[in-house]
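Okay, structure first, notes after.
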Amino acid sequence: GLTTGAADDDPSGIATYSQVGASSGFGLIWLSLFSLPLVAIINEMCARIGLVTGIGLASNIKKYFSKKALYFCTFLLVFANVFNIGADLGAMGKVTQLIFPKVYFSSCVIFFALLSLLFQVLIPYKKYSKYLKYLTLVLFTYALSAFSVKINWGDVIMHTVIPFIHFSKNEIILICAVLGTTISPYLFFWQTSQEVEEKLDKSKITDKSFPLKTNSEEIKNMHEDVWTGSIISNLAMFFIIAVCGVTLYANGITNINTAEQAAMALRPFAGNFAYILFTLGILGTGLLAIPVLAGSVSYAISESFSWKEGLSYKFIEARAFYLVIIAAMV
């Protein structure tokens, strides 16, 4: 739940939140509060499905719906995720160039792609899941960047708790963009499959001989986990919008298309410290989100075709599963 929530703030998501802050100031910051129960409850639904059935979301769709519905959902997920992986790798490459101007963009993209692949393929699931959880700490860089600039917090809190919409075309598009990047399908597939992985790991079994009994303690832990991840994710959104609102919007920079553009634009107004924190946040969230994007693609495809799947398996035991991850990254 923590990893799923944090992976929601990938570099393309950061670009969306930056655009919201740049184009409307604090005007749409209420979305960070409004979307919280939507994100948390949908992720919890997926977590419960994984806990109770012992199979991933694609396997459940396959069990209860037609093959056409299954393949349609899987196709949409693969299509969206592969483009998202490309966008995130590109953002990480551009951000690295901001720190080290002499490095080649293509070299950065290949480096981050290979790094993510090596982590997913070579590191055992128990260690890898811990690495992802620790990487969620990178989201606190956005809180630090917010407190490093001068913000009227009374104004921010008022706009957060009192929603206001002008119903302009631009605002409606931004609201759709925020809900789209916050409540993302790849998170549903990942969350469901990770509950299964965790349960397999704790049960010390090697095959998916479910359903195993689910007790109230597991449900309670899952509930706390999912809501913690969702709260941290939406807090990061809140601080990104606040920082961009008080710096970019206030200085007339209202059009931001990418995460690295947001970092560059912040520097003259927020200073080097906020700029570096914002930049490091983009790199960290990319390293966290890309494995989730590629992994959810592989879970969906592998479950659709009944292939052995799961990060708990070694490469030789689930070749097709890992080959899908590699293909998505390539």
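Quick caveat: nothing in here was measured; it's all calculated off a predicted structure.
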Side-chain donor-acceptor pairs under 3.5 Å in residues 28-37, sequence neighbours left out?
{"unit_1": "Trp30", "atom_1": "NE1", "unit_2": "Gly27", "atom_2": "O", "d": "3.1"}
{"unit_1": "Trp30", "atom_1": "NE1", "unit_2": "Phe164", "atom_2": "O", "d": "3.4"}
{"unit_1": "Ser32", "atom_1": "OG", "unit_2": "Ile29", "atom_2": "O", "d": "2.7"}
{"unit_1": "Ser35", "atom_1": "OG", "unit_2": "Leu31", "atom_2": "O", "d": "2.7"}
{"unit_1": "Ser35", "atom_1": "OG", "unit_2": "Asn234", "atom_2": "ND2", "d": "2.9"}

Enumerate donor-acceptor pairs with a distance under 3.5 Å from any side-chain N or O in residues 101-112 to protein atoms, sequence neighbours excluded.
none

Would you give me the side-chain donor-acceptor pairs under 3.5 Å for residues 321-330, sequence neighbours excluded?
{"unit_1": "Tyr322", "atom_1": "OH", "unit_2": "Leu311", "atom_2": "O", "d": "3.3"}
{"unit_1": "Tyr322", "atom_1": "OH", "unit_2": "Tyr313", "atom_2": "O", "d": "2.5"}

In residues 270-282, what donor-acceptor pairs under 3.5 Å come from side-chain atoms, sequence neighbours left out?
{"unit_1": "Asn272", "atom_1": "OD1", "unit_2": "Arg267", "atom_2": "NE", "d": "2.7"}
{"unit_1": "Asn272", "atom_1": "OD1", "unit_2": "Arg267", "atom_2": "NH2", "d": "3.3"}
{"unit_1": "Thr279", "atom_1": "OG1", "unit_2": "Tyr275", "atom_2": "O", "d": "2.8"}

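Under the 4.5 Å side-chain heavy-atom criterion for grouping Ile, Leu, Val, Met, Phe, Trp and Tyr, Trp153 is connected to Val246 within one hydrophobic cluster. Both Leu187 and Leu38 are assigned to one and the same hydrophobic cluster, defined by single-linkage of ILVMFWY side chains at heavy-atom distances under 4.5 Å. In the hydrophobic cluster analysis, where Ile, Leu, Val, Met, Phe, Trp and Tyr join through side-chain heavy atoms closer than 4.5 angstrom, Tyr186 is grouped apart from Leu76. Ile301 and Phe65 fall within the same hydrophobic cluster, defined by Ile, Leu, Val, Met, Phe, Trp and Tyr side-chain heavy atoms under 4.5 Å apart, directly or through other members. Both Val20 and Ile165 are part of a single hydrophobic cluster, where members link through side-chain heavy atoms under 4.5 Å apart.
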Before you tell me yes or no, could you show the steps for Thr254 and Ser23 under side-chain hydrogen bond (donor to acceptor under 3.5 Å, both in side chains), namely the whole-Å CA-CA distance, both residues' side-chain angles and the distance that decides it to 0.1 Å? CA-CA 4 Å; Thr254 58; Ser23 63; over 6 Å; no

Can you list the steps and then say if Ile290 with Met92 is a side chain to side chain contact (heavy atoms under 4.5 Å, CB included)? CA-CA 11 Å; Ile290 287 171; Met92 292 167 74; 3.5 Å; yes

Where do Lys63 and Thr53 land on the side-chain hydrogen bond (donor to acceptor under 3.5 Å, both in side chains) test, with the steps shown first? CA-CA 11 Å; Lys63 189 174 180 180; Thr53 65; over 6 Å; no

Residue pair Lys94, Thr258: steps toward the side chain to side chain contact (heavy atoms under 4.5 Å, CB included) verdict: CA-CA 10 Å; Lys94 286 291 184 184; Thr258 60; over 6 Å; no

Could you please spell out the steps behind the side chain to side chain contact (heavy atoms under 4.5 Å, CB included) verdict for Phe26 and Thr160? CA-CA 8 Å; Phe26 304 146; Thr160 303; over 6 Å; no

Can Ser168 and Asn170 be said to form a side-chain hydrogen bond (donor to acceptor under 3.5 Å, both in side chains), step by step? CA-CA 5 Å; Ser168 66; Asn170 187 53; 5.5 Å; no

Between Thr181 and Tyr17, is the side chain to side chain contact (heavy atoms under 4.5 Å, CB included) condition met? List the steps. CA-CA 9 Å; Thr181 198; Tyr17 305 144; 3.7 Å; yes

May I have the step-by-step check of side-chain hydrogen bond (donor to acceptor under 3.5 Å, both in side chains) for Asp8 and Thr182, ending in yes or no? CA-CA 6 Å; Asp8 205 3; Thr182 307; 4.9 Å; no

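For Tyr249, the OH atom is loosely surrounded, since the number of other residues' heavy atoms within 6.0 Å does not exceed 12. Within 6.0 Å of atom CD1 in Ile316, 12 or fewer heavy atoms from other residues, nucleotides or ligands are found, so the atom counts as exposed in its surroundings.
Without hydrogens or angle criteria, Lys62 side chain to Ser304 main chain gives a donor-acceptor distance under 3.5 Å. Using a distance-only test at 3.5 Å, with no hydrogens or angles considered, no donor-acceptor pair links the side chain of Glu198 to the main chain of Gln194. Side chain of Gln19 to backbone of Ile256: a donor-acceptor contact under 3.5 angstrom is found. Formation of a donor-acceptor pair under 3.5 Å by the Ser59 side chain with backbone atoms of Ile55 is not found in this model. The backbone N or O of Tyr299 lies less than 3.5 Å from no partner atom in the side chain of Glu309, so there is not a single donor-acceptor pair. No donor-acceptor pair closer than 3.5 Å links the side chain of Ser298 to the backbone N or O of Ala294. In this structure, Ser116 contributes its side chain and Ala113 its backbone to no donor-acceptor pair below 3.5 Å.
Every residue meeting the side-chain contact (heavy atoms from CB on, under 4.5 Å) condition with Asn251, not counting sequence neighbours, appears here in chain and number order: Phe269. With sequence neighbours excluded, the residues that form a side-chain contact (heavy atoms from CB on, under 4.5 Å) with Met158 are Asp155, Ile162. By the ring pair (Phe, Tyr, Trp, His ring centres under 6.0 Å) test, Phe140 pairs with no residue at all, sequence neighbours left out. Taking Tyr71 as the reference, Phe305 meet the ring pair (Phe, Tyr, Trp, His ring centres under 6.0 Å) condition, with sequence neighbours excluded. Checked against side-chain contact (heavy atoms from CB on, under 4.5 Å), Asp225 has the following partners two or more places apart in sequence or in another chain: Leu2. Contacts of Ala236 classified as side-chain contact (heavy atoms from CB on, under 4.5 Å), with partners at least two apart in sequence or in another chain: Asp9, Leu139. When the ring pair (Phe, Tyr, Trp, His ring centres under 6.0 Å) test is applied to Phe239, the partners found at least two apart in sequence or on another chain are Phe147.
Here the CG atom belonging to Leu283 is positioned 5.0 Å from the CD1 atom belonging to Ile99, to the nearest 0.5 angstrom. One distance of note links OG of Ser296 with CZ of Phe189; it measures 8.0 Å at 0.5 Å rounding. Note that CG of Leu179 and OG1 of Thr16 are 11.0 Å apart. Values are rounded to the nearest 0.5 Å. Rounded to the nearest 0.5 Å, atoms CG (Leu51) and SG (Cys46) are 11.5 Å apart.
Pairing each heavy atom of Asn43 with each of Gln191, the nearest pair is O-CG, 3.4 Å. Smallest separation of non-hydrogen atoms from Gly50 and Val196: O-CG2, 3.7 Å. Heavy atoms only, all atoms of each residue included: Ala40 and Ser230 are closest at CA-OG, 3.4 Å. Here the closest non-hydrogen pair linking Ala289 and Asp10 is CB-CB, 3.3 Å. Taking both residues in full, the closest heavy atoms of Ala320 and Trp307 are given as CB-CE3, 3.6 Å, listed atom of the first, atom of the second, then distance. Pairing each heavy atom of Gly56 with each of Ser193, the nearest pair is CA-OG, 4.0 Å.
Side chains of Val39 and Ser233 form no contact here, defined as non-hydrogen atoms less than 4.5 Å apart. Using a 4.5 Å heavy-atom cutoff, the side chains of Phe79 and Thr74 are not in contact.
Sequence neighbours left out, the pairs with a member in residues 31-49 that pass salt bridge (Lys or Arg N to Asp or Glu O under 4.0 Å) are Glu44-Arg48.
Checked against Lys220 for a side chain to side chain donor-acceptor pair (under 3.5 Å), the options Glu217, His223, Glu224 give a single hit: Glu224.
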